[in-house]
Amino acid sequence: RRILVLISGNGSNLQALIDASRANPSTLEASIIHVISNKKAAYGLKRAANAGIPSTYHNLLAYKNKNPNNPQEAREAYDADLAKLILAQTPDLVVCAGWMHILSPTALDPLEEAGVDIINLHPALPGQFDGANAIERAYEEFQRGEITKTGIMIHYVIAAVDKGTPIIVREIEMIKGESLGDLENRMHVVEHVEIVNGTRIALEERERSKQASE
Ligand SMILES: N[C@@H]1O[C@H](COP(=O)(O)O)[C@@H](O)[C@H]1O
């Protein structure tokens, strides 16, 4: 079972996957074969190096600089090459763990054609706070008394941002007087558990559907 992880930042969820796959007994029977980051300074790249996992920094700016008059075309070329980078590693599953770049059909279609599933971790409940800064937005709505809970989800990735079929949904009650930082830390603890469970379930679902189609 070969997993490729996409990251953009600290990489604490990547670390949870690495630790689970190397625990004895392992709680994730798979190996992280490669890490791709769209941010050069992502600490997650250091985590990959510390774990002896090869990684790639895939830089969007280089594409934009090559084609300054057409950013959309530059992004398409970036996504097309991202799909090639991923497929060159022949993963069974791609996991977006704090990956902050919207994947267009140009990136997703080749993966689907190759039968490679892709899942994402999002720090909100389905349909609640799609897109960026979901934790902050939930926190602000709680302060205004508009919501009482938020959550996290692991879902399959489709072109519509954070709209793919959920694999795991965990609700998190919000606490009066709690700081944003404390809420984030509470949510990260849940994320680190569920990113492993969601990855395992996606691998099992993939194997079941493969067996069913044979
Ligand atoms: N999309 C969000 O970005 C954060 C990434 O954290 P890390 O895995 O880089 O520590 C996580 O909270 C994830 O839900």
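Ligands are counted one by one from 1 in listed order, and the atoms in each one are counted from 1 as well.
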ask   = With a 4.5 Å heavy-atom cut-off, do Glu178 and Phe142 have their side chains touching?
value = no

- Query: Are the side chains of Asp79 and His101 in touch, meaning some heavy atoms are under 4.5 Å apart?
  - Reply: yes

The complete set of ring-ring contact (aromatic ring centres under 6.0 Å, His included) pairs with one or both residues in residues 108-141, sequence neighbours excluded, reads none

Can you give the donor-acceptor pairs under 3.5 Å from side chains of residues 13-20 to other protein atoms, not counting sequence neighbours?
{"from": "Gln15", "atom 1": "OE1", "to": "Arg47", "atom 2": "NH1", "distance (Å)": "3.4"}
{"from": "Gln15", "atom 1": "NE2", "to": "Asp19", "atom 2": "OD1", "distance (Å)": "3.0"}

* Asked: Parallel, tilted or perpendicular: which fits the ring planes of His192 and His188, with parallel below 30° and perpendicular above 60°?
  -> parallel

With sequence neighbours left out, the residues meeting salt bridge (Lys or Arg N to Asp or Glu O under 4.0 Å) with Asp81 are Lys84

Close residues (non-hydrogen atom under 4.0 angstrom from ligand 1) work out to Gly9, Asn10, Gly11, Ser12, Asn13, Gly98, Met100, Leu121, Pro123, His188, Glu191

